[in-house]
Structure formats: structure tokens, C-alpha cells
Amino acid sequence: MWGHRLQGPIVFIGDIHGRFTLLSNLWSKLRNRVGGKTFEKLNIVFLGDYCDRGGETKEVVEWLTKLPERHPQQEHLYLCGNHDL
């Protein structure tokens, strides 16, 4: 997946901290801002810190694991943050 030269824009998302509602809102704003075909071709790097402070960690992890199914043309990379260890 990431062993080749990436084509298209790269988006970095970090510090979700178990806040699914905020992640969902961010995703909607990103989709509206980028739009259509470009959105479906994004390279997205999640910078970790998926859990901890918020109470929706389960929802965040489930959403992230299903993301490649929902957007198969996007490239996703999930890094581990200091709150995830």
C-alpha cells in the first residue's frame, strides 16, 4: 500500500482521543471541502491517539477499521500514538 509513490493529496488526522462525534464531523467537513472524486482518492494518515479522553473509543476504533471497506480507493495509514500503548 505505502511502498509506492503516492498520487494525490495527503491528509493528516491526529489526536482523536475517543471523540467519535468530533471525528465524524471532521470527516463530513473534509468530504465537503475536498469534494467528489478527489475525496475518494485521498491518502489519509491517522497520527494515533485514538483512545483515552473521550468516551467513544469503541466507536472510533470500529469506524477506523471499517474505513477501507467504505472508501476502497483511498489509502489509509494508521500510526500508533503515545495514548494507544
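All figures in this text were calculated on a predicted structure; none of them were measured in a lab.
Taking the centre of each ring, F39 and W27 come in below the 6.0 Å mark.
Within the model, atoms CG of L64 and CZ of F20 stand 9.0 Å from one another, a figure rounded to the nearest 0.5 Å. Taking CG of L42 as the start and CD of Q73 as the end, the distance is 11.0 Å to the nearest 0.5 Å. Summarising the geometry, atom CG belonging to L47 is positioned 11.5 Å from atom SG belonging to C80; distances are rounded to the nearest 0.5 Å. The structure places CZ of R19 at 10.0 Å from CG of N25, a figure rounded to the nearest 0.5 Å. Note that CG of D15 is 12.0 Å distant from CG of L22, once rounded to the nearest 0.5 Å.
Annotation: R70, atom CZ; neighbour count of heavy atoms from other residues, nucleotides and ligands within 6.0 Å is above 12.
When all heavy atoms are compared, the tightest approach of P9 to T38 is CG-CG2, 4.0 Å. G18 and T57 get closest at one heavy-atom pair: CA-OG1, 3.6 Å.
For D49 (side chain) and I16 (main-chain N/O), no donor-acceptor pair under 3.5 Å exists by modelled atom type. For the pair Q74 (side chain) and I44 (backbone), a donor-acceptor distance under 3.5 Å is absent.
In this structure the side chain of V61 never reaches within 4.5 angstrom of the side chain of C51, judged on heavy atoms. In this structure, the side chains of V34 and V11 stay at 4.5 Å or more apart for every pair of heavy atoms.
Using bins of under 30°, 30° to 60° and over 60° for the plane-to-plane angle, the ring pair Y78/F46 lands in the parallel bin.
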